[in-house]
Protein chains: 2
Amino acid sequence: MVDYTLDKLRTHGYRITQPRPVVIDVLTESHGHLTSAEILERVAAVDKSIGRASVFRVLDLLTSLAVIRPVYVEGRSPAYVMLTPEGHHSHIVCVTCGHVIELDTCVVDGLDEQLEEQYGVQLSGHLLEFYGTCAQCR
Amino acid sequence: MVDYTLDKLRTHGYRITQPRPVVIDVLTESHGHLTSAEILERVAAVDKSIGRASVFRVLDLLTSLAVIRPVYVEGRSPAYVMLTPEGHHSHIVCVTCGHVIELDTCVVDGLDEQLEEQYGVQLSGHLLEFYGTCAQCR
DNA sequence: ATCAATGCAAAGAATTTGCATCATG
DNA sequence: CATGATGCAAATTCTTTGCATTGAT
């Protein structure tokens with residue numbers, strides 16, 4: 001996932017500079033969603049010299065390349081999820097405690113093409129978010 | 001939609017006070033997604049005496065009741081979408097210009113039950129977000 | 001060697017909180 | 001008429017910008 005993402009950066013003409021691989025690595029390792037605060041923290045743990053601003057810049061870059069996607073889970077700042085190479089992500093959010101269960105299901109096949117035709121858009125991915133109450137909060 | 005939401009508030013023991021119906025009305029009228037800044041603006045246009053903080057408090061309340069759902073579309077602050085009474089919402093986000101096309105499709109039927117059984121959760125709704133490039137940005 | 005990308009620190013947004021006051025049920 | 005809810009303004013939190021400097025190609 002890290003290599004795939006670095007290739008994507010190169011393909012788009014972006015350099016592989018210091019903070020970029022670190023942020024991508026943190027996101028990849030997490031296997032889930034991380035808030036910006038968590039990302040800042042983990043990046044700092046790896047390399048204290050990486051500035052806050054750069055982390056945000058990398059997050060913006062990865063978002064614009066559809067490598068990650070900000071989602072609202074809980075709290076004030078967005079959480080970022082990594083998308084599959086196909087651009088997908090699904091999860092369940094517990095609206096009570098904020099716990100997130102990551103899914104690997106993808107049920108939206110076929111609808112993509114239909115929507116592309118219907119609206120003249122070119123789709124690159126989707127996010128499917130279920131919400132409800134988790135087993136423990138019930 | 002306004003009445004439905006007000007009933008929901010009453011059911012949960014919340015009072016019907018000044019800012020509540022105004023915020024709900026603004027959200028209902030929009031038929032789409034509104035950022036908090038837009039909501040603040042429109043609420044102020046209706047009643048200048050309603051304070052910022054109260055608008056945020058109402059948004060939090062409606063979110064906790066699953067009447068609305070915050071999503072990150074573009075920019076720094078979340079946008080809020082109204083869910084159907086069944087708790088659903090779908091849209092397409094253009095990752096280039098941020099334009100959003102609201103959908104009324106719901107393709108996730110059946111999966112809900114499967115996930116509830118599989119994870120022991122109780123689901124109340126979902127959000128399906130497609131992203132890609134809109135006709136104008138292509 | 002060039003210029004994209006960085007780190008820093010300060011500025012800027014956006015949201016929340018503390019508290020006295022108000023008004024719904 | 002009790003207390004949940006409010007408006008205000010200050011405080012806090014989060015993110016971005018300006019700019020001199022660095023470093024990947």
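Within every chain, numbering begins at 1; the chains are lettered A, B, ... in the order of the sequence lines, protein sequences first and strands thereafter.
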Worksheet entry | Distance below 4.0 Å between A:R52 side-chain N/O and D:dT16 OP1 or OP2 | no

Discussion item. Strictly below 4.0 Å: does A:T17 bring a side-chain N or O up to OP1 or OP2 of C:dT6?
Written reply: yes

Discussion item. Are the side chains of A:L83 and A:H88 in contact, using a 4.5 Å heavy-atom criterion?
Written reply: no

Worksheet item: Counting just side-chain N and O atoms, does A:S54 come under 4.0 Å of either OP1 or OP2 of C:dA5?
Response: no

Worksheet item: Does A:I50 or B:Y14 map to a spot on DNA chain C nearer the 5' end, using the closest nucleotide for each?
Response: A:I50

Worksheet item: To the nearest Å, how far apart are B:F56 CZ and D:dA9 C1'?
Response: 15 Å

Fill in: Whole-Å distance separating the NZ atom of A:K48 from the C1' atom of C:dC8
15 Å

Discussion item. Expressed as a whole number of angstroms, how long is the span from A:L59:CG to C:dA5:C1'?
Written reply: 15 Å

Worksheet item: Between A:D60 and A:R57, is the closest basic N to carboxylate O distance under 4.0 Å?
Response: no

Worksheet, complete the sentence: In whole angstroms, the gap separating C1' of D:dA5 from NE2 of B:H12 amounts to 18 Å

Discussion item. If you only use heavy atoms from C-beta on, which nucleotide in D:dT13, C:dT6, D:dT3 is closest to the side chain of A:R76?
Written reply: D:dT13

Worksheet entry | Separation of C:dA23 P from B:R20 CZ (nearest whole Å) | 15 Å

Discussion item. Whether A:E129 and B:R69 form a salt bridge (side-chain N of Lys/Arg under 4.0 Å from carboxylate O of Asp/Glu) is what I want to check.
Written reply: yes

Discussion item. What is the distance, to the nearest angstrom, from the CD atom on A:Q18 to the P atom on C:dC8?
Written reply: 12 Å

Worksheet item: Can you tell me how far C1' of C:dT6 sits from CG of A:D47, to the nearest Å?
Response: 12 Å

Worksheet item: In terms of side-chain heavy atoms, does B:E38 have a donor or acceptor partner in B:H33 at a distance below 3.5 Å?
Response: no

Practice prompt. Would you mind reading off the distance between B:Y72 atom OH and C:dT15 atom C1', rounded to a whole angstrom?
Written response: 11 Å

Item to complete: Could you please name the option among D:dG4, D:dG7, C:dG7 that lies closest to any side-chain atom of A:R57?
Response: C:dG7

Fill in: A:H99-A:Q136 side chain donor-acceptor pair, cut-off 3.5 Å
no

Practice prompt. Go through the N and O atoms of the side chain of A:R15 and the base of C:dA5, and report whether any donor-acceptor pair is under 3.5 Å.
Written response: no

Worksheet entry | Nearest-neighbour nucleotide for the A:I16 side chain, D:dT15, D:dT25, C:dT6 considered | D:dT25

Worksheet, complete the sentence: Of C:dT15, D:dT17, C:dA4, the nucleotide closest to the side chain of B:S77 is C:dT15

